[in-house]
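Everything below concerns the one structure shown next.
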Amino acid sequence: MNVFGVDIGGSGIKGAPVNLERGDLAEPRHKVLTPHPATPDDVAGCVREVVGNFGWNGPVGITFPGVVTDGVTRTAANVDKGWIDVDARALLGDRLGLPVTVLNDADAAGVAEMTFGAGAGRKGVVFLLTFGTGIGSALFIDGKLVPNTELGHLELNGHDAEKHASTKAKEDEDLSWQHWAHRVQKYLAHVEMLFSPELFIIGGGVSRKAEKFLPLIEGVRAEIVPAQLQNNAGIVGAAMAAGASS
Ligand code: BGC
């Protein structure tokens, strides 16, 4: 079965029909640039453009880069604050005229990785962490998601961790791989101190360059592996969530 997945990110809004048996895109994805400011209304227009591009008529799963409880977006660290307490399921569903499921972006990526990627078959405590504009977290216990964990906002050296260790921080501060890997290492050690996971899966666009920084990370007991679905994990996970609730 195919279900449509959309990933709302800080720089792009992308989507495609997803083959749920294979866990990959059934057609090449379509992407539009995220509007600035990323208000609910403008983002909803972009989502409509992405879905409309395929003439899609069926359930749609949509990721959001903030806390989502029962279809309502609760936080907005890297998008317009107008998203706080919006019934995103109703807003996006009305705009598309289709049934939609909305969930946190890291949770969606995590669900996809635990089924089709680096976490497949893994039991125990597993984290997927996405490094991008922010840091997203998805916690799994024996394969079951604990949603909305928000560990990107742990305090690290007196900072919001994502301000210090996201790939945006690397770019903004022009950090070397060595310097940034050191910050990521400190962050992982902190999460490990709190949760003792068996596995960290490192996602986000930077997972494509895992060989540049993962070998530099030392002193973390847990296994650390790059995500396998890379930039499509959010789209696939969003479609899986919509498929499960339709
Ligand atoms: C948000 C999370 C999101 C992460 C990655 C953070 O700033 O609070 O909800 O998963 O960024 O987009």
Margin query: Is there a side chain to side chain contact (heavy atoms under 4.5 Å, CB included) between H30 and K14? Walk through the geometry before answering.
Written below: CA-CA 6 Å; H30 182 69; K14 50 203 191 226; over 6 Å; no

Note to self: Could you walk me through whether V47 and V50 satisfy the side chain to side chain contact (heavy atoms under 4.5 Å, CB included) test, starting with their C-alpha distance in whole Å, then the side-chain angles of each, then the deciding distance to 0.1 Å, before giving a yes or no?
What the structure shows: CA-CA 5 Å; V47 171; V50 169; 5.8 Å; no

Checklist line | Working for side chain to side chain contact (heavy atoms under 4.5 Å, CB included), residues V3 and M240 | finding: CA-CA 7 Å; V3 169; M240 289 172 69; over 6 Å; no

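Contact record, R29 with A16: CA-CB, 3.7 Å, taken as the closest heavy-atom pair. Residue G203 comes nearest to A227 through the heavy atom pair CA-CB, 3.8 Å, listed as atom of the first residue, atom of the second, then distance. The two atoms that bring A169 and H164 nearest to each other are CB-O, 3.6 Å, heavy atoms only. Looking at every heavy atom in both residues, H153 comes nearest to E150 through CD2-OE1, 3.1 Å. The shortest non-hydrogen separation linking C46 to I13 is CB-CD1, 3.6 Å. Scanning both residues, E162 and I135, for their nearest heavy atoms gives OE1-N, 2.9 Å.
To the nearest 0.5 Å, atom NE2 of residue H36 and atom CG of residue L33 are 8.0 Å apart. Between T133 atom OG1 and E171 atom CD the span is 8.5 Å, to the nearest 0.5 Å. The CD atom of E27 sits 8.5 Å away from atom CH2 of W56, with the distance rounded to the nearest 0.5 Å. Within the model, atoms CD1 of I217 and CH2 of W180 stand 7.5 Å from one another, a figure rounded to the nearest 0.5 Å. Separation of atoms CD (E49) and CZ (R95) is listed at 12.0 Å; rounding is to 0.5 Å. Atom CZ in R48 sits 7.5 Å away from atom CG in L96 (nearest 0.5 Å).
In this structure the side chain of F213 reaches within 4.5 angstrom of the side chain of I202, judged on heavy atoms. By the 4.5 Å heavy-atom criterion applied to side chains, V236 and L25 are counted as neighbours. Side-chain contact check for P226 versus I201: every heavy-atom pair is 4.5 Å or farther apart. Two residues are said to be in side-chain contact when any heavy atoms from C-beta on lie closer than 4.5 Å; V18 and D24 fail this criterion. You'll find the side chain of S196 reaches within 4.5 Å of the side chain of R221, heavy atoms only. Proximity of F195 to L151: side-chain heavy atoms (C-beta onward) are separated by under 4.5 Å at one or more points.
Judged by distance alone, the side chains of T34 and S11 never bring a donor and an acceptor atom under 3.5 Å apart.
Proximity of a side-chain donor or acceptor of K168 to a complementary backbone N or O of G134 within less than 3.5 Å is not detected. With T167 contributing its side chain and K170 its backbone, the two residues share no donor-acceptor pair below 3.5 Å. Side chain of N19 to main chain of R22: a donor-acceptor pair is present (N/O by atom type, distance under 3.5 Å, no hydrogens or angles).
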Donor-acceptor contacts under 3.5 Å from residues 59-73 side chains, at least two apart:
from : atom 1 : to  : atom 2 : distance (Å)
T63  : OG1    : D7  : OD1    : 2.4
T63  : OG1    : I8  : N      : 3.0
T69  : OG1    : R74 : NE     : 2.9
D70  : OD1    : R89 : NH2    : 3.1
T73  : OG1    : W83 : O      : 2.7
T73  : OG1    : V86 : O      : 3.3

Ignoring hydrogens and angles, write down the donor-acceptor pairs under 3.5 Å from the side chains of residues 110-131, residues two or more places apart or on other chains.
from : atom 1 : to   : atom 2 : distance (Å)
E113 : OE1    : A118 : N      : 2.8
E113 : OE1    : Q228 : N      : 3.0
E113 : OE2    : Q228 : N      : 3.0
E113 : OE2    : L229 : N      : 2.7
T115 : OG1    : V111 : O      : 2.9
R122 : NH1    : E223 : OE1    : 3.2
R122 : NH2    : E223 : OE1    : 3.1
T130 : OG1    : G136 : N      : 3.2

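Taking the charged nitrogens against the carboxylate oxygens, R183 and E173 do have a contact shorter than 4.0 Å, which makes a salt bridge.
The cluster map of Ile, Leu, Val, Met, Phe, Trp and Tyr, joined by side-chain heavy atoms under 4.5 Å apart, puts V146 and L194 in the same cluster. Under a hydrophobic clustering in which Ile, Leu, Val, Met, Phe, Trp and Tyr are joined whenever their side-chain heavy atoms come within less than 4.5 Å, directly or via other members, I84 and L103 fall into different clusters. Both V191 and V206 sit in one connected hydrophobic cluster of ILVMFWY residues. Membership requires side-chain heavy atoms under 4.5 Å apart, directly or through other members. L199 and V184 are assigned to two separate hydrophobic clusters, defined by single-linkage of ILVMFWY side chains at heavy-atom distances under 4.5 Å. Put simply, V220 and V225 are part of two different groups of oily side chains (I, L, V, M, F, W, Y) that touch within less than 4.5 Å, one to the next.
The side chain to side chain donor-acceptor pair (under 3.5 Å) analysis of residues 98-110, with sequence neighbours excluded, yields the pairs T101-S245.
The side-chain tip of K209 does not point at the ring of W177 from less than 6.0 angstrom away and within 45° of straight on.
At most 12 non-hydrogen atoms from other residues, nucleotides or ligands lie less than 6.0 angstrom from NZ of K144. Residue H182 places its NE2 atom among 12 or fewer non-hydrogen atoms of other residues, nucleotides or ligands, all under 6.0 Å distant.
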